[in-house]
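Protein chains get the first letters and strands the later ones, always in sequence-line order, with residue 1 at the start of each. Computed from a predicted structure; not experimentally measured.
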Amino acid sequence: MRNQYTPVYEIVAQIPFGRVTTYGTIARVVPVPRGARGVGWALAQTPATQLIPWWRVVSATGRITSPNAYEQYDRLLAENVPMLAELHVNLSAVLWHPVPQ
DNA sequence: ATTCTGACGCAGG
DNA sequence: ACCTGCGCCAGAA
């Protein structure tokens with residue numbers, strides 16, 4: 001099913017292994033209700049059955065703020081994503097910028 | 001209809 | 001670096 005949040009999933013699906021982007025960055029390239037918050041909302045609805053790399057999206061500061069923060073943290077570590085501290089991605093090293101759809 | 005809760009971002013302090 | 005408040009407003013109850 002395609003809804004107004006579908007563009008968000010299409011962008012997230014393109015984030016490369018080992019790279020990360022932010023809620024706000026996505027909200028700036030595709031129209032999403034409520035901007036960055038809407039992106040977070042959309043990811044929260046992502047069915048576990050779908051293979052969308054939701055763990056590659058963090059906040060503008062690099063902080064991991066999802067409800068399942070540690071699962072996300074572990075998944076990123078598994079991709080060798082550099083951290084500044086626990087639950088804190090070194091964004092300047094791995095930030096990925098999406099291309100407008 | 002009304003209330004409540006946010007996977008944000010930014011501007012202070 | 002940390003914390004707080006605020007704008008934003010869809011969805012759930």
Could you go through nucleotides 8-11 of chain B and list every protein N or O atom that sits under 3.5 Å from one of its N or O atoms, giving the distance for each pair?
{"from": "dC8(B)", "atom 1": "OP1", "to": "Thr65(A)", "atom 2": "OG1", "distance (Å)": "3.4"}
{"from": "dC8(B)", "atom 1": "N3", "to": "Arg37(A)", "atom 2": "NH1", "distance (Å)": "3.1"}
{"from": "dC8(B)", "atom 1": "N4", "to": "Arg37(A)", "atom 2": "NH1", "distance (Å)": "2.7"}
{"from": "dG9(B)", "atom 1": "OP1", "to": "Gly24(A)", "atom 2": "N", "distance (Å)": "2.4"}
{"from": "dG9(B)", "atom 1": "OP2", "to": "Ala60(A)", "atom 2": "N", "distance (Å)": "2.7"}

Item checked: Pairs meeting criterion side-chain hydrogen bond (donor to acceptor under 3.5 Å, both in side chains) with involvement of residues 25-38 of chain A, two or more places apart -> Thr22(A)-Thr25(A)
Check: [X] side chain, [Y] main-chain N or O, donor-acceptor pair, under 3.5 Å:
X        : Y        : result
Asn68(A) : Glu71(A) : no
Arg56(A) : Ile15(A) : yes
Tyr9(A)  : Ala42(A) : yes
Thr21(A) : Trp96(A) : yes

Next item on the list: Could you check which residues of residues 2-20 of chain A get a heavy atom under 4.0 Å from DNA chain C? Sort them by number, please.
Entry: Gln4(A), Tyr5(A)
Check: Stepwise, does the side chain to side chain contact (heavy atoms under 4.5 Å, CB included) test hold for Val81(A) with Asn90(A)?
Finding: CA-CA 8 Å; Val81(A) 170; Asn90(A) 181 348; over 6 Å; no
Checklist line | Length of the CG-P vector between Leu84(A) and dA1(C), whole Å | finding: 8 Å
Note to self: Rounded to whole Å, how long is the line connecting atom CD of Glu71(A) with atom P of dA7(B)?
What the structure shows: 15 Å
Margin query: Do Gln72(A) and Val58(A) make a side-chain contact, defined as non-hydrogen atoms from C-beta onward lying under 4.5 Å apart?
Written below: yes
Note to self: Please determine whether a side-chain nitrogen or oxygen atom of Arg63(A) lies at a distance below 4.0 Å from atom OP1 or OP2 of dC3(C).
What the structure shows: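 Answer is no, no contact under 4.0 Å.
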Item checked: Minimum-distance nucleotide to Arg34(A) side chain [options: dC9(C), dA7(B), dC2(C)] ->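 Selected nucleotide: dC9(C).
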Item checked: Path from Leu84(A) to Tyr70(A) over hydrophobic side-chain contacts below 4.5 Å ->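 Unlinked, Leu84(A) and Tyr70(A) end up in two clusters.
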